[in-house]
Peer 1: 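One structure, pasted below without further comment.
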Protein chains: 2
Amino acid sequence: MSTIKEVASAAGCSTATVSRALATPDKVSEATRARVARAIAEVGYTPNGAARSLRRRESRTIVALLPDISNPFFSEIINGIEDVAHQAGYRVLIGDCERDPQRAGAYFDLLPANQADGMLLLTADVPRALLDDARRRGRFPLVMACEFFDDRDLPTVTVDNYRAACQAIDYLVALGHRRIATLTGPVHNPICRERERGVSDTLTAHGLAGGAQTLAGDFGVHSGYVQGLALLTPLHSRPTAIFCHSDEMAIGVIKAARQLGLEVPRDVSIIGFDNIRLSEYCDPELTTISQPRAQIGQAAMRLLLGLIHDEPVERQQVLETRLIVRQSTGQPEPR
Amino acid sequence: MSTIKEVASAAGCSTATVSRALATPDKVSEATRARVARAIAEVGYTPNGAARSLRRRESRTIVALLPDISNPFFSEIINGIEDVAHQAGYRVLIGDCERDPQRAGAYFDLLPANQADGMLLLTADVPRALLDDARRRGRFPLVMACEFFDDRDLPTVTVDNYRAACQAIDYLVALGHRRIATLTGPVHNPICRERERGVSDTLTAHGLAGGAQTLAGDFGVHSGYVQGLALLTPLHSRPTAIFCHSDEMAIGVIKAARQLGLEVPRDVSIIGFDNIRLSEYCDPELTTISQPRAQIGQAAMRLLLGLIHDEPVERQQVLETRLIVRQSTGQPEPR
DNA sequence: CCCGATGGTGTAATCGTTTACAATAATGAG
DNA sequence: CTCATTATTGTAAACGATTACACCATCGGG
């Protein structure tokens with residue numbers, strides 16, 4: 001709790017010199033710098049962050065707003081964000097809004113309040129009005145990652161969800177599947193709609209447009225289980241393959257299948273999305289679409305830094321996904 | 001980016017009145033309050049957080065320091081923390097130090113820098129010197145949750161790890177198991193040692209002290225897989241049950257068992273720890289020890305608020321665990 | 001009619017830094 | 001030796017809020 005004044009008097013110089021010794025050491029003589037360093041150690045000084053941000057008009061903090069921190073999909077993205085952020089001297093404030101507009105609002109206020117210099121928005125499930133209002137109250141460097149709003153006018157880092165879905169369906173069709181169902185994320189979610197578009201375009205291209213069943217979950221494992229039961233009954237008219245919009249839901253569907261006495265992939269093929277760590281350790285190991293999560297986080301953070309520093313940036317970045325074939329998919333049994 | 005001055009002139013009053021209208025509305029007349037409210041909406045004002053914390057000497061922010069944000073075990077604890085924190089008007093800054101002392105140091109500095117009012121430490125895997133140094137530089141309200149340092153002199157919220165381990169072993173012995181192995185977390189981790197003590201005391205009590213194999217992982221699924229292979233080979237002398245210190249490791253062990261041609265629980269029983277969401281959805285569903293995670297978070301945050309406000313608090317809180325029997329455990333086959 | 005209490009408001013000091021500007025000393029070129 | 005330049009330091013004014021203190025009405029009781 002000691003201040004720069006105490007350091008200054010202990011070092012026998014002015015506060016300006018102490019400040020310079022810390023911020024621009026080369027503008028301070030060798031000898032003074034040493035005295036200041038000793039004084040700092042002596043009195044146990046840490047610069048007051050509030051005073052510093054007030055004066056500098058920056059906080060060197062960015063907010064990353066998530067829909068749900070318990071979704072393992074986000075943790076590696078966070079790692080990517082933090083890597084780049086820390087390297088650049090920024091702190092990351094992780095906000096979990098739990099789909100609660102009030103909580104989200106509190107995080108949006110951080111920017112006009114000068115408590116944060118920018119925001120990484122990892123969800124579109126936030127009242128647009130809240131965001132627009134905050135943006136009207138001042139400078140608001142903002143990057144969306146993974147998700148996006150329909151109008152796509154904001155800087156965004158995503159994967160090519162359309163193509164990923166096409167790839168998944170092409171793969172299943174090549175295996176011989178004809179009845180392919182989809183378990184999407186929340187109905188109003190733009191990335192899910194992109195994927196659905198990919199699915200239906202691809203199915204149509206293969207002449208399989210009719211009767212493709214689609215249900216919606218919430219990305220969580222429980223909804224996968226519940227909707228999995230719904231998709232797989234009655235057994236006689238069940239799909240032979242299910243494309244799930246998240247690995248967690250795929251794991252839920254596998255449990256549903258098992259409970260109905262179906263074996264994966266013999267009786268039904270399951271394909272997930274995200275390639276979460278556990279997808280390799282469930283039974284059977286999950287065929288899934290891998291998103292380059294660390295890279296998404298890194299790219300988004302770099303983009304945000306560019307915006308914060310008013311540098312020219314590439315406002316729309318699309319990264320590649322990769323289909324990872326494991327054991328939850330196979331040829332359908334001839335019926 | 002407008003300031004209180006602009007609001008004041010728009011409302012035709014002084015900055016003091018604007019400030020009071022926000023902080024202590026009942027000290028301001030009805031009419032003025034309305035004018036201020038209108039002026040705020042008009043100019044789009046958000047109080048500058050840095051100026052506010054500088055003056056108030058508090059940030060209404062607390063840091064929660066985690067060893068690893070990707071561990072799903074922590075997400076529900078965070079939820080508990082945030083519930084209580086937000087209710088009390090505090091923000092939560094989640095810090096992921098990834099076992100990197102430098103990163104951890106940056107978070108410790110937040111308190112002497114007046115950027116945070118308190119810290120929730122969810123890992124003991126942090127250089128003690130770093131912590132002690134930060135605590136010497138000023139007031140440092142700190143609560144440990146889940147983990148703790150050996151000396152236990154800090155306020156702590158934990159579960160009774162010793163008793164939980166005893167319960168697990170008692171249960172396995174009651175099923176008929178005689179060769180019970182343990183897969184612990186990191187070797188130097190105090191909670192793991194507590195659990196090991198519980199294991200060895202209980203085994204001794206049952207006259208099974210000798211030959212109980214113990215290996216260490218890192219709580220992650222991959223280490224469970226690797227150490228699971230080690231514990232289960234050679235097959236002829238393998239344990240009939242394995243007590244794992246985390247569900248993730250248990251899932252890894254199950255994969256190892258499957259790969260070795262063993263069926264769970266027929267050929268080997270597996271018991272986990274934590275009751276993460278996915279433990280109910282893997283195959284077989286995991287027998288595990290449930291920690292009241294939301295409550296841990298809530299209790300820790302409440303304790304921290306007490307410390308911040310210099311209220312009398314109960315410095316050591318121990319919550320109960322619960323053994324949840326599912327399908328990964330059963331009687332050993334007679335050999 | 002006077003006095004004290006009360007309610008509402010304004011003035012100005014304060015929180016701890018940073019930094020523009022000024023001042024001084026030291027250096028070197030001419 | 002002089003003058004311009006550079007290196008080093010200090011002085012003091014911000015940054016934007018909060019709040020102690022003072023001030024002025026207004027009101028009611030005596």
Side-chain angles (χ1 to χ4, degrees), chain A residues 1-37 39-40 43-60 89 109-117 137-139, chain B residues 1-37 39-40 43-60 89 109-117 137-139:
Chain A
M1 294 303 202
S2 50
T3 74
I4 199 172
K5 274 190 193 168
E6 302 171 39
V7 175
S9 73
C13 65
S14 73
T15 63
T17 300
V18 176
S19 179
R20 279 188 291 250
L22 289 170
T24 51
D26 44 314
K27 285 190 195 290
V28 169
S29 77
E30 179 72 44
T32 316
R33 219 184 311 154
R35 283 200 333 274
V36 169
I40 287 178
V43 307
Y45 169 69
T46 313
N48 183 309
R52 175 175 279 181
S53 352
L54 173 58
R55 175 61 221 230
R56 287 197 185 158
R57 317 176 122 278
E58 66 166 10
S59 59
R60 294 197 154 261
D109 279 346
L110 250 33
L111 268 89
N114 244 288
Q115 309 262 79
D117 300 340
R137 295 212 297 280
R139 207 174 119 75
Chain B
M1 294 303 202
S2 49
T3 72
I4 199 171
K5 274 190 192 168
E6 303 171 41
V7 175
S9 73
C13 64
S14 74
T15 64
T17 300
V18 176
S19 179
R20 278 188 291 249
L22 289 171
T24 50
D26 44 315
K27 285 190 195 290
V28 169
S29 75
E30 179 72 43
T32 317
R33 218 184 311 154
R35 283 199 335 272
V36 169
I40 287 178
V43 306
Y45 168 70
T46 313
N48 183 308
R52 176 176 278 180
S53 2
L54 173 58
R55 176 60 220 231
R56 289 202 191 157
R57 319 177 121 277
E58 66 166 11
S59 58
R60 294 195 153 261
D109 279 346
L110 250 34
L111 268 87
N114 243 289
Q115 309 260 80
D117 300 340
R137 295 213 295 281
R139 207 174 118 74

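Every chain is numbered from 1, with letters handed out A, B, ... down the list of sequences.
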Peer 1: With sugar-phosphate meaning primed atoms plus P, OP1 and OP2, does B:Val28 contact a base, only sugar-phosphate, or nothing at under 4.0 Å between heavy atoms?
Peer 2: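 It contacts sugar-phosphate atoms only.
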
Peer 1: Let me confirm one number: the CD1-CZ distance from B:Ile4 to B:Arg52, rounded to the nearest 0.5 Å.
Peer 2: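 Taking CD1 in B:Ile4 and CZ in B:Arg52, the distance rounds to 8.5 Å.
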
Peer 1: Which value, rounded to the nearest 0.5 Å, describes the distance between B:Arg60 atom CZ and B:Ser53 atom OG?
Peer 2: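 Between atom CZ of B:Arg60 and atom OG of B:Ser53 there are 11.0 Å.
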
Peer 1: Calculate the interatomic distance between A:Asn114 atom CG and C:dT17 atom C1'; express it in whole Å.
Peer 2: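 To the nearest whole Å, that distance equals 14 Å.
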
Peer 1: Can you measure A:Glu30 atom CD to D:dA7 atom P for me and round it to whole angstrom units?
Peer 2: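 After rounding, the gap between these two atoms is 15 Å.
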
Peer 1: Heavy atoms within less than 4.0 Å of DNA chain D: which residues of residues 43-55 of chain A have one? Give them sorted by number.
Peer 2: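 Residues of residues 43-55 of chain A that come under 4.0 Å of DNA chain D are, in numerical order, A:Leu54, A:Arg55.
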
Peer 1: Looking at A:Thr3 and A:Tyr45, what are the two nearest heavy atoms and their distance?
Peer 2: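 Closest pair (atom of A:Thr3, atom of A:Tyr45, distance): C-CE1, 3.6 Å.
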
Peer 1: How many Å lie between CG on A:Leu22 and P on C:dT17, as a whole number?
Peer 2: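 So the two atoms are 10 Å apart, to the nearest Å.
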
Peer 1: Distance check needed: C:dT19 P versus A:Ile4 CD1, whole Å only.
Peer 2: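 Whole-Å distance recorded here is 11 Å.
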
Peer 1: Need to verify one output field. Residue with the more 5' nearest nucleotide on DNA chain D, B:Ala16 or A:Ser14?
Peer 2: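 Its nucleotide being nearer the 5' end, the pick is A:Ser14.
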
Peer 1: Have a look at A:Thr17 and say if it touches a base, only the backbone sugar-phosphate, or nothing, with a 4.0 Å heavy-atom cut-off.
Peer 2: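 A:Thr17: backbone/sugar contact only, no base atoms under 4.0 Å.
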
Peer 1: Examine distances only and state if a side-chain atom of B:Asp117 and a backbone atom of B:Ser59 form a donor-acceptor pair shorter than 3.5 Å.
Peer 2: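 Yes.
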
Peer 1: Closest to the B:Thr15 side chain: C:dA12, D:dA12, D:dT8?
Peer 2: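 For B:Thr15, the side-chain atoms sit closest to C:dA12.
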
Peer 1: For a quick check of understanding: with a heavy-atom distance under 4.0 Å over all strands, which category does A:Ser19 fall into, base, sugar-phosphate or nothing?
Peer 2: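 Base contact.
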
Peer 1: For residues 10-23 of chain A, run the donor-acceptor check on the side chains, cut-off 3.5 Å, and write out each pair with its distance to 0.1 Å, sequence neighbours left out.
Peer 2:
| residue | atom | partner | partner atom | Å |
| --- | --- | --- | --- | --- |
| A:Ser14 | OG | A:Ala16 | N | 3.4 |
| A:Ser14 | OG | A:Thr17 | N | 3.3 |
| A:Ser14 | OG | A:Thr17 | OG1 | 3.3 |

Peer 1: Look up atom CG in A:Leu110 and atom OG1 in B:Thr46, then write down how far apart they are to the nearest 0.5 Å.
Peer 2: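 OG1 of B:Thr46 is found 10.5 Å from CG of A:Leu110.
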
Peer 1: Quick one: A:Gln115 CD to D:dG16 P, roughly how many Å, whole number?
Peer 2: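 These atoms are roughly 14 Å apart.
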
Peer 1: Relative to the 5' end of DNA chain C, which residue comes earlier, A:Thr3 or A:Arg20, by the nucleotide with the nearest heavy atom?
Peer 2: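 It is A:Thr3 whose nearest nucleotide is closer to the 5' end.
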
Peer 1: Once you round it to whole Å, what is the distance between P of C:dT18 and CZ of A:Arg60?
Peer 2: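 So the two atoms are 12 Å apart, to the nearest Å.
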
Peer 1: Please report, rounded to the nearest Å, how far the P atom of C:dT17 is from the CZ atom of A:Arg56.
Peer 2: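 Taking CZ of A:Arg56 and P of C:dT17, I get 11 Å after rounding.
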
Peer 1: Name the closest nucleotide to the B:Arg57 side chain, picking from D:dT9, D:dC15, C:dC15.
Peer 2: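 The answer is C:dC15, which lies nearest to the side chain.
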
Peer 1: Could you tell me the separation between the CD atom of B:Glu58 and the P atom of D:dA17, rounded to a whole number of Å?
Peer 2: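 Atom-to-atom, B:Glu58 to D:dA17, this comes out as 16 Å.
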
Peer 1: Is the distance from OP1 or OP2 of C:dG8 to the nearest side-chain N or O of B:Thr32 less than 4.0 Å?
Peer 2: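 For C:dG8, neither OP1 nor OP2 has a side-chain N or O of B:Thr32 closer than 4.0 Å.
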
Peer 1: Does the pair B:Asp109 and B:Arg137 meet the rule for a side-chain contact (heavy atoms from CB on, under 4.5 Å), with working shown?
Peer 2: CA-CA 9 Å; B:Asp109 279 346; B:Arg137 295 213 295 281; 2.3 Å; yes

